[in-house]
Amino acid sequence: MDNKLFLYNTLSRKKEEFQPINQNHVGLYVCGPTVYGDPHLGHTRPAITFDILFRYLKHLGFKVRYVRNITDVGHLESDGDTGEDKIAKKARLEELEPMEVVQHYTNRYQSYMDELNIQKPSIEPRASGHIIEQLEIVEDILSKGLAYESNGSVYFDVEKYNESNNYGELSGRNIEDLLSTTRELDGQTEKRNSFDFALWKKAAPEHIMRWPSRFSDGFPGWHLECSAMSAKYLGTEFDIHGGGMDLLFPHHECEIAQSTVCNGHTPARYWMHNNMITIDGQKMGKSLGNFITLEQMFSGEHDKLEQSYSPMTVRFFIMQAHYRSTLDFSNEALQASQKGMERLLEAFTNLDKLEASDSSSFSVKELSDKCYVALNDDVNTPILIAHLFDAVKNINSMLAGKASLTSADLDVLKQLMSAMVIDILGLSVNIENNSAGNDELLSESINLLLNLRVDAKANKDWATADKIRNELQALGVEIKDTKDGFEWSVK
RNA sequence: GGUUCCUUGGCCGAGUGGCUAGGCACUGGUCUGCAAAACCAGCUACGGCGGUUCGAGUCCGCCAGGAACCUCCA
């Protein structure tokens with residue numbers, strides 16, 4: 001089958017066949033978190049979306065350089081000249097060094113991403129480590145006459161840019177609309193137009209995040225870091241730029257404008273945007289305060305949570321929706337995902353128990369093709385998962401002796417399932433049972449009890465048999481009777 | 001107010017102009033000492049009103065409801 005990958009490109013609003021700039025190599029840049037708070041459920045969406053893309057591109061044989069930045073400067077708490085840097089504000093509140101805050105939340109972010117089995121990007125650059133590169137861009141844009149200095153700050157001249165370029169090509173906006181719809185905000189007297197954006201901001205006296213420059217002691221503007229770091233590590237033209245839909249405007253639009261001025265062309269060929277996670281129909285986000293942190297998800301300690309959810313459950317939940325659709329949080333949905341995933345992983349581990357036959361009663365080739373068709377269609381993980389559940393059904397039927405595969409087909413099925421479930425979807429099968437914990441004493445004790453139960457059953461002593469089963473279940477041991485004995489696992 | 005998008009069965013969530021999405025839940029059956037798991041079968045659907053079409057959740061228009069962005073946000 002031909003393996004043509006189609007990706008939805010926000011620039012064209014269409015699915016386009018993916019063709020890398022350099023054969024066999026892919027440059028992927030994704031907007032990472034602003035590290036001024038604990039990672040929440042919303043942060044998992046882009047992380048997982050682009051993790052799967054990263055994994056799939058590698059599976060297809062591409063050598064991928066994946067850059068995901070850490071934003072540790074430059075975001076203003078409120079617009080206008082009175083704005084205070086988010087990191088600085090948090091540092092002031094917590095009486096910590098700004099870099100201490102940044103380090104703390106960076107560590108937290110990375111460790112939660114690890115728990116979600118998200119592969120580390122090739123490079124995780126920090127904005128604060130690229131001040132020089134950002135200042136170079138400011139100078140470049142100034143020298144080309146598309147920025148102006150005002151009271152120690154430097155602003156991008158959107159109106160002038162728009163004379164020879166199309167500001168709004170990504171987000172579908174135009175400058176006239178922006179003029180009429182932008183709100184009146186205080187402290188915008190430095191700007192010529194409300195839609196101009198800062199490349200460099202002069203720091204107020206109390207502002208502690210600051211770097212020297214010929215304009216002022218200050219800090220780089222909102223959108224500059226991505227232009228600087230993507231160009232530095234991926235070149236001035238790279239393949240894919242990703243991020244949340246909420247960054248489409250103004251962040252990515254400004255990024256395109258900046259990079260276009262510097263390099264004469266848009267920085268990325270394909271722009272991909274993941275949709276939001278909602279809760280009660282509303283976007284889960286910092287500003288609304290309606291977010292659930294990953295710590296809370298994994299511990300269950302939050303008013304909205306009926307139970308805790310494992311990292312893999314969260315991951316599976318997110319993969320069961322297409323990345324461009326909103327996904328609504330609910331306990332019911334998470335619980336459904338958890339059960340479905342357990343069934344999928346159970347079948348996956350049972351692959352090893354399957355025995356080959358002379359003939360095959362279902363087509364592994366067809367299943368395989370369907371999986372790749374789903375992935376190639378804009379990384380459609382929900383459809384992929386639907387096909388994997390067909391595989392689950394077939395695997396279980398084989399276990400029940402109602403389906404069969406030849407030895408060759410069985411090998412293909414095992415490879416396919418391993419590629420899809422483990423390599424691409426990134427589910428980890430750390431079976432938290434017999435072997436996990438590796439407590440031999442515990443294992444043998446449970447086996448002993450269950451063997452006693454087998455004896456009780458043989459004697460038709462149902463009371464004893466049920467007592468052993470019920471009490472072990474109460475302790476969290478799942479028991480399945482089989483034809484010639486039992487299986488058990490720890491929940 | 002401007003721009004864009006969404007509205008699918010008990011819940012979550014795919015999708016194409018005509019053929020079962022899938023998961024969870026539920027119902028019946030098989031298996032089981034009884035369960036659990038598994039297998040088989042069934043179940044509830046495309047916001048409303050018009051239009052295009054041989055045929056429309058799928059295209060067009062209007063209406064209703066909701067969301068995102070326009071300000072930091074994944």
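So that the names make sense, note that chain A is the first sequence line, chain B the second, and so on, each numbered from 1.
The CZ-P distance, from A/Phe486 to B/G33, rounds to 17 Å in whole Å. In this entry the distance linking CG of A/Leu294 with C1' of B/A74 reads 11 Å, nearest Å.
The stretch residues 388-398 of chain A participates, sequence neighbours left out, in no salt bridge (Lys or Arg N to Asp or Glu O under 4.0 Å) pair at all. Residues in residues 274-289 of chain A take part in these side chain to side chain donor-acceptor pair (under 3.5 Å) pairs, two or more places apart or across chains: A/Asp246-A/Lys283, A/Thr278-A/Asp328, A/Asp280-A/Lys304. Listed by first and then second residue, the salt bridge (Lys or Arg N to Asp or Glu O under 4.0 Å) pairs that reach into residues 347-356 of chain A are A/Lys353-A/Glu487, sequence neighbours excluded.
Remark: A/Glu16 pairs with no residue by the salt bridge (Lys or Arg N to Asp or Glu O under 4.0 Å) rule, at least two apart or across chains. Under the rule for a side chain to side chain donor-acceptor pair (under 3.5 Å), the partners of A/Glu159 that lie at least two apart in sequence or sit in another chain are A/Asn193. Residues passing the salt bridge (Lys or Arg N to Asp or Glu O under 4.0 Å) test with A/Lys414, sequence neighbours excluded: none. For A/Glu478, the salt bridge (Lys or Arg N to Asp or Glu O under 4.0 Å) test picks out no residue, with sequence neighbours left out. Evaluation of the salt bridge (Lys or Arg N to Asp or Glu O under 4.0 Å) rule for A/Lys402 yields no partner, not counting sequence neighbours.
If you take NE2 on A/His43 and NE2 on A/His40, they are separated by 4.0 Å, rounding to the nearest 0.5 Å. Rounding to the nearest 0.5 angstrom, the gap separating the CZ atom in A/Phe219 from the OG atom in A/Ser153 is 7.5 Å. Going from atom CD1 of A/Ile256 over to atom CG of A/Asn165 covers 11.0 Å, rounded to the nearest 0.5 Å.
A stem is defined here as three or more consecutive Watson-Crick or G-U pairs, each with both distances under 3.5 Å; for RNA chain B these stems are B:1-7 with B:64-70, B:10-12 with B:22-24, B:26-30 with B:38-42, B:47-51 with B:59-63.
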Protein-nucleotides 43-46 of chain B N/O pairs under 3.5 Å:
none

Show each protein N/O and nucleotides 65-68 of chain B N/O combination with a separation under 3.5 Å, one pair to a line.
residue, atom, partner, partner atom, Å
B/A68, OP1, A/Lys283, N, 3.3

Every protein N/O within reach of nucleotides 21-24 of chain B N/O, cut-off under 3.5 Å:
residue, atom, partner, partner atom, Å
B/G23, OP1, A/Arg343, NH2, 3.3
B/C24, OP1, A/Arg343, NE, 2.9

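Outside the 6.0 Å centre-distance limit, the rings of A/Tyr8 and A/His322 are not counted as a close aromatic pair.
Counting only N and O atoms by type, the side chains of A/Tyr66 and A/Asp51 include no donor and acceptor under 3.5 Å apart. Remark: the A/Asn376 side chain and the A/Tyr56 side chain contain an N/O donor-acceptor pair separated by less than 3.5 Å.
Rounded to whole Å, the C1' atom of B/G33 lies 23 Å from the corresponding atom of B/C40. As rounded to the nearest Å, B/G65 and B/U8 have C1' atoms that lie 15 Å from one another. Here, B/A45 and B/G9 have their C1' atoms 4 Å apart, quoted to the whole Å. Annotation: B/A74 and B/G15 have their P atoms spaced 26 Å apart (nearest Å). Remark: the separation of the C1' atoms in B/U20 and B/G42 is 13 Å, to the nearest Å. Nucleotides B/U58 and B/C19 are separated by 13 Å at their P atoms, to the nearest Å. Annotation: B/C11 and B/U44 have their C1' atoms spaced 12 Å apart (nearest Å). Atom name P, nucleotides B/G61 and B/C6: the rounded distance is 13 Å, in whole Å.
For A/Ala321, whose side chain is taken as the heavy atoms from C-beta onward, the closest listed nucleotide among B/A74, B/A14, B/C39 is B/A14. The A/Phe249 side chain lies nearest to B/C69 when the options are B/C12, B/C72, B/C69.
Judged by distance alone, with hydrogens and angles left aside, A/Asn380 brings no side-chain donor or acceptor close enough to the base of B/G15 to form a pair under 3.5 Å. In this model, a side-chain donor or acceptor of A/Arg469 finds a partner on the base of B/A35 within 3.5 Å. The base of B/C11 does not come close enough to the side chain of A/Ser330 for any donor and acceptor atom to sit less than 3.5 Å apart.
If A/His40 and A/Leu327 are placed on RNA chain B by their nearest nucleotide, the residue sitting closer to the 5' end is A/Leu327. In terms of position on RNA chain B, the residue among A/Ala463 and A/His322 whose nearest nucleotide sits closer to the 5' end is A/His322.
Residue-level contact check: A/Gly172 touches the backbone only, with heavy atoms under 4.0 Å from sugar-phosphate atoms and none from bases. Contact annotation for A/Thr482: no contact, since no heavy-atom pair falls under 4.0 Å across all strands. Nucleic acid contact for A/Ser397: sugar-phosphate only, since backbone atoms but no base atoms lie under 4.0 Å from a heavy atom of the residue. Heavy atoms of A/Asp328 sit under 4.0 angstrom from primed sugar atoms or phosphate atoms, though from no base atom. Within the 4.0 angstrom heavy-atom criterion, no nucleotide atom of any strand lies near A/Leu248. Among the protein residues, A/Ile277 comes within range of the nucleic acid bases, having at least one heavy atom under 4.0 Å from a base atom.
For A/Thr34 and B/A74, the shortest distance from a side-chain N or O to OP1 or OP2 is below 4.0 Å. For B/C39, the OP1/OP2 oxygens have a side-chain nitrogen or oxygen of A/Asn396 closer than 4.0 Å.
Relative to the six-membered ring of A/Phe486, A/Arg453 misses at least one condition, a distance below 6.0 Å or an angle of at most 45° to the axis.
Aromatic ring pairs are classed by plane angle as parallel below 30°, tilted from 30° to 60° and perpendicular above 60°; the pair A/His252 and A/His273 is tilted.
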